[in-house]
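The first residue of the sequence shown is numbered 1, and numbering continues consecutively from there.
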Amino acid sequence: MFDSYFAYIVNNPISSIAVFVTVLPLTLTIVRRAFLDQSLRLLFCYLVAKFIIDLAMLHFAANRTNNIIFYNLSIPLFYALLGGMFYFKFAERPQKRFLIASMIGLFFFCAWDLVNSNEDLHNMREHRVVLYSKTVEGVLMILLILLYFYEIIKSLQIPNLLTFPFFWICSGLLLYYSSLIFIAPVIHYAYTWNNTMDLGITEVIPSIFEIICALLFSIGIYHYPPKNYAKQ
């Protein structure tokens with residue numbers, strides 16, 4: 001049993017690192033007590049959910065079983081957790097209302113995309129990755145990040161962005177989702193095309209940015225001082 005896991009990790013080192021690197025920001029969140037902050041508490045929930053789902057996907061992939069269902073279902077869940085962080089950061093109501101509306105809208109859009117991308121939802125062996133949802137999630141996340149950056153630049157209340165935890169977290173998310181906007185459609189096309197298509201390094205680009213994102217999360221969480229930032 002463990003031989004299949006070992007073989008998968010050896011054959012897919014970058015993707016496997018992207019799974020286990022999540023332990024770093026998770027551990028730092030506990031050690032630095034970053035979960036005292038409402039936004040970072042949602043980030044902690046995201047990291048826990050992501051780690052569990054990634055382990056499940058690794059398990060199924062190592063046993064040559066279709067694991068796309070986990071990827072598809074994680075899209076609205078991850079957006080709800082990550083987007084929810086901004087609810088406590090936005091100072092104005094229009095941004096908060098847009099955030100809630102985008103969560104509800106993405107949920108129903110993902111449900112439609114899931115049905116549209118799969119003729120037989122009960123056939124898990126032939127389950128396919130959704131066509132548009134990941135790209136839409138990426139656009140929405142980038143928009144939230146840019147709106148938040150606009151707010152903090154306009155307010156000028158942060159003395160040093162480089163020591164502000166949420167700046168690093170937003171930077172990690174911005175890099176990760178920017179890459180997905182271009183890569184997600186290519187990966188979907190390659191997986192659904194009738195002929196074999198070699199993606200080369202393109203296939204591991206999301207994993208590379210996942211690793212970078214987790215490292216930036218870790219930097220941000222490391223800079224978390226509960227007394228100063230718990231109420232921000």
Side-chain angles (χ1 to χ4, degrees), residues 1-31 34-35 40-85 106-107 110 113-114 117 124-125 127-130 133-138 141 168-169 171-181 183-184 186-188 190-191 199 201-221:
M1 180 178 180
F2 291 103
D3 291 342
S4 61
Y5 297 140
F6 181 75
Y8 178 83
I9 292 172
V10 170
N11 292 327
N12 302 274
I14 297 178
S15 300
S16 301
I17 292 172
V19 172
F20 295 105
V21 74
T22 306
V23 174
L24 179 58
L26 263 176
T27 304
L28 282 172
T29 302
I30 297 172
V31 172
F35 49 79
L40 298 187
R41 192 177 304 148
L42 284 176
L43 177 64
F44 178 73
C45 292
Y46 161 78
L47 291 171
V48 171
K50 181 181 182 301
F51 187 55
I52 293 172
I53 291 174
D54 283 351
L55 285 178
M57 292 183 69
L58 187 148
H59 167 74
F60 280 96
N63 290 280
R64 300 182 181 277
T65 305
N66 192 325
N67 61 6
I68 298 298
I69 185 64
F70 295 101
Y71 175 85
N72 290 341
L73 295 179
S74 70
I75 294 174
L77 172 63
F78 288 172
Y79 180 74
L81 293 173
L82 292 174
M85 296 190 302
L106 183 64
F107 175 80
C110 288
D113 201 9
L114 185 65
S117 302
M124 291 296 103
R125 292 183 178 180
H127 194 83
R128 295 183 177 183
V129 65
V130 287
S133 296
K134 198 64 180 178
T135 301
V136 173
E137 180 201 8
M141 280 301 306
W168 290 101
I169 291 167
S171 298
L173 291 174
L174 188 60
L175 285 173
Y176 174 65
Y177 280 103
S178 296
S179 69
L180 281 182
I181 286 180
I183 298 300
V186 175
I187 293 177
H188 179 275
Y191 287 166
L199 292 176
I201 194 173
T202 305
E203 193 168 5
V204 298
I205 286 178
S207 297
I208 293 173
F209 279 93
E210 265 191 79
I211 296 170
I212 296 173
C213 183
L215 294 177
L216 291 177
F217 280 178
S218 302
I219 294 173
I221 295 167

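Residues Met57 and Phe70 approach most closely at CG-CB, 3.6 Å, considering heavy atoms. Minimum interatomic distance between Leu47 and Pro25 (heavy atoms only, all atoms of both residues): CD1-CB, 3.8 Å. Across all their heavy atoms, Ser4 and Asn63 have their closest contact at OG-OD1, 4.0 Å.
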Phe20 vs Leu55, side-chain contact (heavy atoms from CB on, under 4.5 Å): CA-CA, chis, key distance, verdict: CA-CA 9 Å; Phe20 295 105; Leu55 285 178; 3.9 Å; yes
Verdict with reasoning, Tyr46 to Met85, per side-chain contact (heavy atoms from CB on, under 4.5 Å): CA-CA 10 Å; Tyr46 161 78; Met85 296 190 302; over 6 Å; no
Step-by-step side-chain contact (heavy atoms from CB on, under 4.5 Å) determination, Leu43 to Thr29: CA-CA 9 Å; Leu43 177 64; Thr29 302; 5.6 Å; no
side-chain contact (heavy atoms from CB on, under 4.5 Å) evaluation trace for Leu40 with Phe35: CA-CA 5 Å; Leu40 298 187; Phe35 49 79; over 6 Å; no
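Proximity of Met141 to Leu173: side-chain heavy atoms (C-beta onward) are separated by under 4.5 Å at one or more points. Leu82 is not listed as a side-chain neighbour of Leu42, based on a closest heavy-atom distance of 4.5 Å or more. Two residues are said to be in side-chain contact when any heavy atoms from C-beta on lie closer than 4.5 Å; Leu215 and Leu24 meet this criterion. Tyr71 places none of its side-chain heavy atoms less than 4.5 Å from the side chain of Ile53. Using a 4.5 Å cut-off on side-chain heavy atoms (C-beta onward), Ile9 and Pro13 make no contact. Tyr177 is not listed as a side-chain neighbour of Phe209, based on a closest heavy-atom distance of 4.5 Å or more. Phe60 is not listed as a side-chain neighbour of Asn66, based on a closest heavy-atom distance of 4.5 Å or more.
For the atom pair Tyr176 OH and Ile212 CD1, the distance stands at 12.0 Å (nearest 0.5 Å). Going from atom CG of Leu175 over to atom CG of Leu180 covers 11.0 Å, rounded to the nearest 0.5 Å. Atom CD1 in Ile17 sits 12.0 Å away from atom OG1 in Thr22 (nearest 0.5 Å). Note that CD1 of Ile75 and CG of Leu114 are 9.0 Å apart. Values are rounded to the nearest 0.5 Å. Atom OG1 of Thr65 sits about 8.5 Å away from atom CZ of Arg125, to the nearest 0.5 Å. The CZ atom of Phe217 lies 3.5 Å from the SG atom of Cys213; values are rounded to the nearest 0.5 Å.
Not a single ring-ring contact (aromatic ring centres under 6.0 Å, His included) links Phe51 to another residue, sequence neighbours left out. Every side-chain hydrogen bond (donor to acceptor under 3.5 Å, both in side chains) that Ser133 has, sequence neighbours left out, goes to Asp113. Remark: Asn12 pairs with no residue by the side-chain hydrogen bond (donor to acceptor under 3.5 Å, both in side chains) rule, at least two apart or across chains. Residues passing the side chain to side chain contact (heavy atoms under 4.5 Å, CB included) test with Ile52 are Val48, sequence neighbours excluded. With sequence neighbours excluded, the residues forming a side chain to side chain contact (heavy atoms under 4.5 Å, CB included) with Ile69 are Leu73, Met124, His127, listed by chain and number. For Ala49, the side chain to side chain contact (heavy atoms under 4.5 Å, CB included) partners are Leu77, Phe78, Leu81, not counting sequence neighbours. Among residues two or more places apart in sequence or in another chain, the side chain to side chain contact (heavy atoms under 4.5 Å, CB included) test is passed with Phe107 by Pro76.
Identified under the salt bridge (Lys or Arg N to Asp or Glu O under 4.0 Å) test for residues 47-62, with sequence neighbours left out: Lys50-Asp54, Lys50-Glu210.
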